[in-house]
Amino acid sequence: MSQLSAGDGLELQSLLRQLLRSISDRISGAPSSECAEEILLHLEETDKNFHNYEFVKYLRQYVENSLGTVVEEETKNLTTGDGQHAICSGHDTLIHAVTRRTRESTEYQQMMQTFKNSMTMVVESLINKFEEDQLKEENNHEKQHSQSNSQYTDNCSDSDSSFNQSYAFIRQEQLQILAEKLDSSRSKEVRWEALQALCCAPPSDVLSCESWSSLRRNLCAALTEPDPNLSDNVLQFFAKSFSSSPFNVTREIYTSLAKSVQSSFLTHKLRFPTDSVAIDIYRPEISRLLKQIRLMNDFQREVTTFWIRHPEKYMEEVIECTFSLLSHHHEYGSTSPGTEKFLEPIHLLALLDIKAIWFKKWMHGYYSRTVVLRLLEKKYKCLIVAALQQCIQYSESCEHLTNETSNLQPEEQQNTVSVQRSLYSRKELEYTFFVHSVCVLGKLLMYTNGRKLFPIKVRKRKDPVSLTDLVIILINIMYQHPSPHSDTSDSLSPSRLVMEVLWTLCERTESAAECLYQSPVIETLLVPVIALLNDQQVNLKTPAATLTLIADVLARIANTDRGLALFLNKKNLVMDYNDRTFAAHVIVQFTLRLLDKELSSLSESDTSHALCGAFIFVCRQIYNTCEGLQVLRPYGLHKAVAAAWKKASSLSERVPTPVPGAAPRASTQELQDMLLWEETLLDSLLNFVATPKGLLLLQQTGAINECISYMFSRFTKKLQVSRCEKFGYGVMVTQVAATAPGVVALHSSGFVQAVVIELWSTLECGSEDVRVVRPKPTPMDPIDRSCLKYFLSLVNLLSSSHSVWELLGRQPLANKSEYTLREMPTSIPDLIDRLIAVDSDAKIHSLFHYEQSHTFGLRLLSVLCCNLDSFLLLESQYSICSMLLQSQRENVTETDTNKGEFIIDSLSVERNHVLVRVCVVGGPSERRLPPRALQEGEHPYIWPMFSSYPLPHCYTLDPPSIHLNSQDCEISALLAASDDTKSEESWLEKCQRQYYKIMTSKPDILTGNVLADLLEKVVAHLSNSATECFFSPAQYKAEDKGVTSAVLSSVEQLGINTCLRYGSYLQLLKDDAVHDLTLLMKHIKFFLSTQRVKTSSEFITQQDEYPGHDWLACTVFLIMAGDMERSLCLLLNLSSLLTSAFIWPARIHASVHVPLEVAESGILPVYWCTAHYVEMLLKAQVPLVHSAFRMSGFTPSQMCIHWLAQCFWNYLDWTEICHYISTCVVMGPDYQVYTCVAIFKHLQPDILQHTQDQELQVFLKEQPIQGFKVSNYLKFMEGLERSYRNIVLTDMTSIKNPVE
């Protein structure tokens, strides 16, 4: 093809110019010419409009005209004759072959050569035209500049980025000429023109040129020029280079800029302003330095986003030159206040970046933090010394500067955003340096290697400043300038800065331990508190504000385990006359004095509700833990808070309601303040329910209903419990639901109804009203993930038999003949009626998802029936077993005959599992529960189903071997010699030692008659001892006529049947044992009725006899092998012992031996004492399990009262149940606590795993305790006894007066 014509050349030139304009944004954004070339090469891949450009269309047509015939000929040759094989191998192969042959043709080579020559001419023409236009623009700009005298504007910001500029590529020769023109020997006009040209050139070309070193040297020289036109243009070029150059180049520019600034400070030696003279930032030398440091600071903030992609030496050079600049002139700054002082780079940097954002960013990433800390330690520790010295100097001058600084800060903060501000006084510069120093030091304290820089030797201090010293200095600064307000205008106040540092330290375990959890720090924080408690005056400007800040820090410390331990266990505070005490005692005493307004040193205005609430919040972090409540309980804080709440509640009712349209009065604000105070007190009372004993204390205040209603209002709004709580209200709800008063309060608040309605909406209604984008997947799990939350909420709510009795007792099922589709259940009986007792066509047809919903109900029923007392209630009221058996009978292939086979589906499998669970009693080695999952293969379910009694034998295992007559045991010898023993105490000690020895060596011997004799002798011995007889001895005659007239409830009758089945399986009972067991239960019922108070309680569990079955009496009956006389004698003797209050719940229920208000509460000692200490010991001994319970929203106390109320039936094998009873009787009642802790320790791996699977509650309730033996953990329990018996047993003996 011949050369293009002149017309074609002009057309091509126009098309190319049009293309370049269309993609100018892409090219101008390229950091280098290589990148611009890469963009052009891949334009077709990245630009969707590529084929619409006229230049591209021209090229396509040009290629078509030049090579069209060649392509056609090659295609024809390859598809006929010799090329036939190419078609067979595929269409793509043909294309590749045609392309290859075309590129090898002569026409293609000629076309490329012609087009290359033409494009060369077009491009050269465009470049020449561009240079002419550029020269004209420069001439016009020079004329305009000479005529204009506009006011100077700052152009050094990197916001003037090169991305927004358009410039030509520049040749090396031109750059060499510009470098020569920038020499300091040239005139200012020449240098200015050269700088203008340089700013218009691409920074990548300038920085990669051969003369860059001389160019950089001349640019740095221009920075120091007094003429702002030169220095500002250099800064403009540097700013563009920062934003568009690789890091190795920007590093050179930054270091050059830093050295230039350092040189300027050396040359000028700017004097620090005095008290009478301020510094003017518009002074030429100050303004120039500020602009340069500002550009450096902008780079410091942004460099962290990309320096990790480059070698560490580049980053280290940037950091080191920065530290070198900031450490300059510190020998001047460290002089005494009276001598001459010079301005330093750190002062100007603090003005520009007062909160040291640059340093915080450098310390954020590990990559840069290691370099920063290494350089500070080895070469630039003087920077830390200067910052520390500034804080010390500010602290020491606070007495003189209090009024001035308080007036300064608002003005300073207001002027930080004012462009008109130009003068800064000496105090303002020192204060900005102080703020900058606090922020730097606070960041250093966060990290281990930063804290290793301490202690630091500073001027005028004999001893080096340690971490503790620094924290105390900061706290003292906070004392001098308190400012409790949290608005943004106060962000630069000393107290706010110090509080931010202390908050940060509290959030990190290591930093808090090294900096805050130290006796001197706690002492410093509590100095004003102790002084006020001793009725001394405190030297505080605003006591209320200062004390509020102190309370905030104390609350954050108390919220951590180590901080709480420091408050509770370390006597590090001197109260009076060298009498040392614990921090927790000081805090609670001060809180009580605040509540009672008995602090004479504080005025009425200082003892505000906000201050009082702040210190109650500190106490709350203490009493919402078991160990903390143990310390604070003697002070009666719950009574004081309840009294204050009742007073506030009555006052808020007296304040008149504002009338619409009337003028606002002070009463409106007064009402708001009173309501806020009332809410604060109610919230503080609510947090007592975090522990079992705290729940009892709250119940005794009479405010439990109001507290639960308040909790429900916050729960529905999904509000956080408090700023210090990591979890929501789930744990509180579970703790409350374990007791009768708690679950009644939950029901009256609307919580139960809300859970039921939300469950039904999710389970049955779903999100059908929402437009379906894709079909909802069919649930694969028995309980869909969307319903799991509500399932677990119901399990938590109904875990305790007391909650089941309160919510279901005397509540019949609806059993309607028809249910509308819009009819929703609103209560637990409604839920059972619709989801569990689905025994009619009307109920089946009322469910949209019958199988899924009924499966949900059966799963819930399975968990409920794990609690034997709950099952007995359900069975007695609703005949659960009969209903399930009837459903199984109907679920056969031929319902008309008895020969039909069971239909195996998910519901029949679930029903079969529930029936086996409730009909077979036994521990992990005594019964076999059928799985719920089907197997693959011909027989998916190998377990036999049944629709009538008796159950198939495959669900029971071989009974354990029980040694009924083991007379060769050493215990037997000891018991035989007991009558001859004169010293009762020594005999008990011998018995305990012998018991421990046999339990740890041959535990299987302690069964049968040996165990019965042991219990009989020990209980008789203790009941005859004046020191061991805790309750008055039983005055009961077995021949009382009332026994024969006693009537057992249906629940008790079902419990007797359950006991007889278990005893028959264990081969401990004879066939006629039913009469003896019934007679024993009547005796015990009659006897315990004489031991109970007559209450007028509204709780169902308190209105009649004990709510449930007496499982301990049944256990004793089985231990005595069905001997009614021995069983009754043992139980009567046991009733006088302290142990009976804990292992025998029916004995202590509504007992006359506890205060009336406690007896009427419906809360048993096994909950508020045993479960309380189990939680306390778990936190100390098995912390992972304690944390797992917190995360799951479940509580150890729920499982404790479940296990203990039914004497571990269905959870432990019979032998272990006997060993649990004997251990508590022989070794002491506190071993009940240690046994529960040992079980949780044994289950730790399973608990952690099932917590992760979000099924901890279901696992603990449905699964027996596999592999646990009391004998294996007796040594562990003995260790717990040595550590905790003094606390646990002492509190157990206080059950006669537990709330004092």
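All residue numbers refer to positions in the sequence shown, counting from 1.
- Here the CD1-CD1 distance, from Ile1221 to Ile1143, works out to 4.5 Å after rounding to the nearest 0.5 Å.
- Phe1194 is not listed as a side-chain neighbour of Thr1251, based on a closest heavy-atom distance of 4.5 Å or more.
- Remark: the Ser908 side chain and the Asp905 side chain contain an N/O donor-acceptor pair separated by less than 3.5 Å.
- For the 3.5 Å distance criterion, the side chains of Ser800 and Gln1198 fail to qualify, holding no donor opposite an acceptor.
- Screening residues 933-947 for side chain to side chain donor-acceptor pair (under 3.5 Å) gives Asn912-Tyr941 as the qualifying pairs, with residues at least two apart or on separate chains.
- For the residue pair Thr956 / Tyr1065, no side-chain donor-acceptor distance below 3.5 Å is found, with atom types taken as modelled.
- Using modelled atom types, one finds a donor on one side chain and an acceptor on the other under 3.5 Å when comparing Ser1197 with Gln735.
- Proximity of Ile832 to Leu808: side-chain heavy atoms (C-beta onward) are separated by under 4.5 Å at one or more points.
- For Asp869 and Trp805, the side-chain atoms include no donor-acceptor pair closer than 3.5 Å.
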Exercise for review: Give the intermediate values and the outcome of side-chain contact (heavy atoms from CB on, under 4.5 Å) for residues Ser1222 and Leu1015.
Suggested key: CA-CA 7 Å; Ser1222 60; Leu1015 289 176; 4.0 Å; yes
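- Judged purely by atom type and a 3.5 angstrom limit, Ser1001 uses its side chain to pair as donor or acceptor with the backbone of Lys997.
- For the residue pair Glu1175 / Thr1195, no side-chain donor-acceptor distance below 3.5 Å is found, with atom types taken as modelled.
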Point to revise | Chi angles and distances behind the side chain to side chain donor-acceptor pair (under 3.5 Å) call for His1202, Tyr1211 | key: CA-CA 10 Å; His1202 181 169; Tyr1211 288 98; 3.3 Å; yes
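- The structure places CG of Leu1131 at 4.5 Å from CD1 of Ile1084, a figure rounded to the nearest 0.5 Å.
- A donor-acceptor pair under 3.5 Å is formed between the side chain of Glu875 and the backbone N or O of Cys881.
- In this model, a donor atom of one side chain and an acceptor atom of the other lie less than 3.5 Å apart for Gln1249 and Asp1253.
- Looking only at distances, a side-chain donor or acceptor of Gln1206 sits under 3.5 Å from a matching main-chain atom of Leu868.
- Inspection of the Tyr1284 and Gln1181 side chains reveals an N or O donor paired with an N or O acceptor under 3.5 Å.
- Pairs passing the salt bridge (Lys or Arg N to Asp or Glu O under 4.0 Å) check and including a residue from residues 1262-1273, sequence neighbours excluded, read Arg932-Glu1262, Glu1216-Lys1269.
- Using a distance-only test at 3.5 Å, with no hydrogens or angles considered, a donor-acceptor pair links the side chain of Thr739 to the main chain of Gly742.
- Residue pairs that meet the ring pair (Phe, Tyr, Trp, His ring centres under 6.0 Å) test with at least one member in residues 1252-1273, sequence neighbours left out, are His1242-Phe1268, His1242-Tyr1273, His1250-Phe1259, Phe1268-Tyr1273.
- If you check the side chains of Trp1209 and Thr1115, you find a donor sitting under 3.5 Å from an acceptor.
- If you take CH2 on Trp1111 and CG on Leu1118, they are separated by 10.5 Å, rounding to the nearest 0.5 Å.
- Between Tyr1062 and Glu926, the shortest heavy-atom distance links the atoms OH-OE1, 2.7 Å.
- Closest approach of Leu915 to Leu951, counting heavy atoms only: O-CD2, 4.4 Å.
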Considering only distance and modelled atom types, tabulate donor-acceptor pairs under 3.5 Å from the side chains of residues 1225-1240, sequence neighbours left out.
| residue | atom | partner | partner atom | Å |
| --- | --- | --- | --- | --- |
| Asp1230 | OD1 | Arg1285 | NH2 | 2.8 |
| Asp1230 | OD2 | Tyr1234 | OH | 2.8 |
| Asp1230 | OD2 | Arg1285 | NE | 2.7 |
| Asp1230 | OD2 | Arg1285 | NH2 | 3.3 |
| Tyr1231 | OH | Glu1281 | OE1 | 2.4 |
| Gln1232 | OE1 | Thr1170 | OG1 | 2.7 |
| Gln1232 | NE2 | Phe1142 | O | 3.0 |
| Gln1232 | NE2 | Tyr1220 | OH | 3.1 |
| Tyr1234 | OH | Arg1285 | N | 3.4 |
| Thr1235 | OG1 | Tyr1231 | O | 2.6 |

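- Using a distance-only test at 3.5 Å, with no hydrogens or angles considered, a donor-acceptor pair links the side chain of Asp1110 to the main chain of Ala1113.
- The line from CG of Leu746 to CE of Met732 is 12.5 Å long, rounded to the nearest 0.5 Å.
- Among residues two or more places apart in sequence or in another chain, the ring-ring contact (aromatic ring centres under 6.0 Å, His included) test is passed with Trp1144 by none.
- Using a 4.5 Å heavy-atom threshold, the side chains of Tyr995 and Leu1006 count as touching.
- Contact of the Leu884 side chain with the Leu858 side chain is registered, since non-hydrogen atoms from C-beta on lie closer than 4.5 Å.
- Taken from CD in Glu1052 to CD1 in Ile1056, the straight-line distance is 7.0 Å, to the nearest 0.5 Å.
- Here Asp1013 contributes atom CG and Ile1119 contributes atom CD1; the two are 12.0 Å apart, rounded to the nearest 0.5 Å.
- Without hydrogens or angle criteria, Arg927 side chain to Val920 main chain gives a donor-acceptor distance under 3.5 Å.
- Using a 4.5 Å heavy-atom threshold, the side chains of Val909 and Met945 count as touching.
- Nearest approach of Ser853 to Leu763, heavy atoms of both residues: OG-CG, 3.6 Å.
- Counting only heavy atoms from C-beta outward, the side chains of Lys1275 and Met999 never approach each other to under 4.5 Å.
- Judged by distance alone, the side chain of Ser1064 and the main-chain N or O of Arg1061 form no donor-acceptor pair under 3.5 Å.
- Residues Gln888 and Phe946 fail the side-chain proximity criterion, which asks for heavy atoms closer than 4.5 Å.
- Looking at every heavy atom in both residues, Leu1134 comes nearest to Val1019 through N-CG1, 3.5 Å.
- Residues Asn891 and Leu907 form no side-chain contact, since every pair of their non-hydrogen atoms from C-beta on lies 4.5 Å or further apart.
- Judged purely by atom type and a 3.5 angstrom limit, Ser1271 has no side-chain atom pairing as donor or acceptor with the backbone of Thr1000.
- Remark: the backbone N or O of Cys866 is not paired with any side-chain donor or acceptor of Ser870 at under 3.5 angstrom.
- Closest non-hydrogen pair, Ala737 versus Val743, comes out as O-CB, 4.3 Å.
- The closest side-chain donor-acceptor pair between Thr1215 and Asp1213, if any, does not fall under 3.5 angstrom.
- With hydrogens and angles left out, the side-chain atoms of Lys1261 and Ser799 include a donor and acceptor closer than 3.5 Å.
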Exercise for review: Show your reasoning for whether side-chain contact (heavy atoms from CB on, under 4.5 Å) applies to Leu1060 and Leu1077.
Suggested key: CA-CA 8 Å; Leu1060 291 173; Leu1077 181 55; 4.0 Å; yes
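- Of the N and O atoms on the side chains of Arg1190 and His1186, not one donor lies less than 3.5 Å from an acceptor on the other residue.
- Closest of all the heavy-atom pairs between Leu929 and His913 is CB-CE1, 4.2 Å.
- Partners of His802 under the ring-ring contact (aromatic ring centres under 6.0 Å, His included) rule, at least two apart in sequence or in another chain, do not exist in this structure.
- A donor-acceptor pair under 3.5 Å is absent between the side-chain atoms of Glu806 and the main chain of Ala740, judged by distance alone.
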